[in-house]
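These figures come from a predicted structure and were not determined experimentally. Here, residue 1 is the first one in the sequence, and each next residue gets the next number.
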Amino acid sequence: MKKLYGVVVPIVTPLTQEDAIDVTSLKRLADHCIDSGMQAIYPCGTTGEMMYLSVEERRLVAETVVRHAAGRVPVFVHVGAWNLRDTVELAKHAAEIGADGIAVVTPAFFSVRDQGLVDYFTTVAKSVPQDFPVYLYAIPQCAVNDISPKAAEECSRLCPNIVGIKYSYPDMTRIQQMLRINGGQFSVLVGPDHLFAAVSAMGGDGVVSGNAQIIPAYYKKIWQLLQEKNYEEAAKWQHRTNLLNETLCENNNIAAYKVMLKRDGIIATTKMRRPMENLTPEQEENLIAAMERLRYRGI
């Protein structure tokens, strides 16, 4: 089964001023990620404001990206939603439209124990073909629930199409435990950008990075150096990338991504889906000036 690797981009969801999905900008954004040498696209994730999109809007985003990518890079659609019914609907839809796989965040808001998480993830995995790859997704700082290595291993045992995890909390001990699942065959990608080089050097498969859609050249360079096993140089580029990311994430990182993507002519507006907030005009001006000083466009 296909697995994710390298730099996976959880793209923003471009919106029109009327608060509808901006399909034209979405296609340009997909082209931008592909042409910049990123390894995969991941629509409708946290960076895509997924919990504030309707099921119909998420279906539209998924269909647009899968069809426009047209096999140039893998597209793994994030399908985790507020309830199991919507999650299963989105999972089946992703399989039907030809996505390469899906990811599923933990249930949010209410606390769920390990057995509940296993039941949840395996139900989703069994709703799609047995050869359709599924990634678990843990972001406990947003979703409340975490995924223990024991629960992840049980999910993989019960459903072989659960092939890996996107782990978005900076816990190196837990990440290393995930890397041992299935004799090291369980695919592990990190969400915290500053761990990209370190975890990949330890056997991880890459990073899922919203920042990469703004500064793709830096992520492409790190991945190239990691493939060459030039870990010392990769660490230097990681430090350089961290400086850029600190600037991008100083306020609201998703809003900042939209500001920079509009600045570069890739999307048409900076509009966020309420209650998400836009940057203020002053914040936008300061962000653009700081990123220009750091020469974000190239290396």
Side-chain angles (χ1 to χ4, degrees), residues 1-8 10 39-40 42 45-46 74 76 78-80 100-107 111-126 128 130-209 212 219 222-223 225-232 234-235 238 242:
M1 272 180 284
K2 188 172 290 186
K3 294 182 180 180
L4 290 167
Y5 67 93
V7 184
V8 178
Q39 277 69 48
Y42 181 94
T46 302
F76 275 62
H78 175 258
V79 301
D100 295 279
I102 58 174
V104 188
V105 74
T106 61
S111 295
V112 181
R113 291 179 296 181
D114 272 7
Q115 188 56 54
L117 291 176
V118 171
D119 291 345
Y120 179 81
F121 287 123
T122 55
T123 298
V124 178
K126 289 175 181 177
V128 295
Q130 292 182 357
D131 61 350
F132 190 67
V134 177
Y135 272 75
L136 310 178
Y137 173 21
I139 184 167
Q141 64 271 39
C142 293
V144 176
N145 293 296
D146 199 357
I147 302 173
S148 69
K150 182 179 178 181
E153 188 158 28
E154 180 68 0
C155 287
S156 180
R157 184 186 70 81
L158 293 171
C159 293
N161 61 328
I162 296 179
V163 297
I165 188 168
K166 175 196 173 188
Y167 199 76
S168 290
Y169 191 76
D171 184 334
M172 286 294 283
T173 299
R174 178 150 290 194
I175 290 169
Q176 290 179 72
Q177 291 169 337
M178 296 290 186
L179 287 167
R180 295 200 296 265
I181 293 174
N182 294 345
Q185 297 305 304
F186 197 62
S187 176
V188 178
L189 292 97
V190 292
D193 291 67
H194 62 283
L195 299 181
F196 176 25
V199 172
S200 296
M202 292 190 305
D205 289 324
V207 67
V208 183
S209 169
Y219 284 83
I222 293 171
W223 184 244
L225 292 166
L226 289 167
Q227 296 303 102
E228 296 169 356
K229 300 189 185 304
N230 189 345
Y231 300 125
E232 182 176 354
Q238 179 74 76
N242 291 348

Given the options Val105, Leu189, Val208, Tyr135 meets side chain to side chain contact (heavy atoms under 4.5 Å, CB included) only with Leu189

Correct closest heavy-atom pair for Gln238 and Leu195 would be OE1-C, 4.4 Å

Note to self: I'd like to know if Lys150 and Glu153 make a salt bridge, using a cut-off of under 4.0 Å between side-chain N and carboxylate O.
What the structure shows: no

Taking C-beta and beyond as the side chain, do Pro10 and Thr46 meet within less than 4.5 Å on heavy atoms?
no

* Give the ring-plane orientation class for His78 versus Tyr137, where under 30° counts as parallel, over 60° as perpendicular and anything between as tilted. => perpendicular

Next on the checklist: Whether the side chain of Asn145 engages the backbone of Pro107 through a donor-acceptor N/O pair (distance < 3.5 Å, no angle test) should be reported.
Outcome noted: yes

Given the rule in the side-chain contact (heavy atoms from CB on, under 4.5 Å) test, do Arg174 and Ser148 qualify, once you have shown the distances and angles that lead to the verdict? CA-CA 8 Å; Arg174 178 150 290 194; Ser148 69; 4.2 Å; yes

Rounded to the nearest 0.5 angstrom, the OH-CG distance for Tyr42 and Asp100 is 14.0 Å

Closest heavy-atom pair, Pro140 versus Ala138, reported as atoms and distance to 0.1 Å, is CD-C, 3.6 Å

Nearest heavy-atom contact between Val104 and Val124 is CG2-CG1, 3.9 Å

Tightest non-hydrogen contact, residues Met202 and Gln176, listed as CE-CG, 3.8 Å

The reported gap from CH2 in Trp223 to OH in Tyr5 (rounded to nearest 0.5 angstrom) is 8.0 Å

**Asked** Below 4.5 Å, heavy atoms only, C-beta onward: do Val8 and Tyr219 meet side chain to side chain?
**Response** no

Review point. Do Ile102 and Pro133 touch side chain to side chain, with heavy atoms closer than 4.5 Å?
Key: no

In short, Val144 meets Ser111 closest at the heavy-atom pair CG1-OG, 3.9 Å

- prompt: For Tyr169, does the OH atom sit with more than 12 other heavy atoms under 6.0 Å from it, leaving out its own atoms?
  reply: no

dist Asn161:CG -> Asp131:CG (nearest 0.5 Å) comes out at 8.0 Å

CG (Asp146) and CG (Leu117) are apart, to the nearest 0.5 Å, by 9.0 Å

Heavy atoms of Ala152 and Ile181 approach each other most closely as CB-CD1, 3.7 Å

In Ser187, Pro160, Ser156, the residue satisfying side chain to side chain contact (heavy atoms under 4.5 Å, CB included) with Asn182 is Ser156

Discussion item. I'd like to check Val112 versus Tyr120 (side-chain heavy atoms, cut-off strictly below 4.5 Å). Are they in contact?
Written reply: no

When rounded to the nearest 0.5 Å, the distance separating CE of Met178 from CG of Leu136 is 7.5 Å

ask   = Heavy atoms, side chains only, cut-off 4.5 Å: are Leu4 and Lys166 in contact?
value = no

* Sub-4.5 Å side-chain heavy-atom contact between Val207 and Ser200 -> no

Do other residues, nucleotides or ligands put more than 12 heavy atoms under 6.0 Å from Glu228 CD?
-> yes

Hey, are the side chains of Phe121 and Ile147 touching, using non-hydrogen atoms and a 4.5 Å cut-off? yes

Next on the checklist: Can you confirm whether Arg180 sits close enough to Pro149 that some side-chain heavy atom of one is under 4.5 Å from a side-chain heavy atom of the other?
Outcome noted: no

When rounded to the nearest 0.5 Å, the distance separating CD of Gln177 from CZ of Phe186 is 13.0 Å

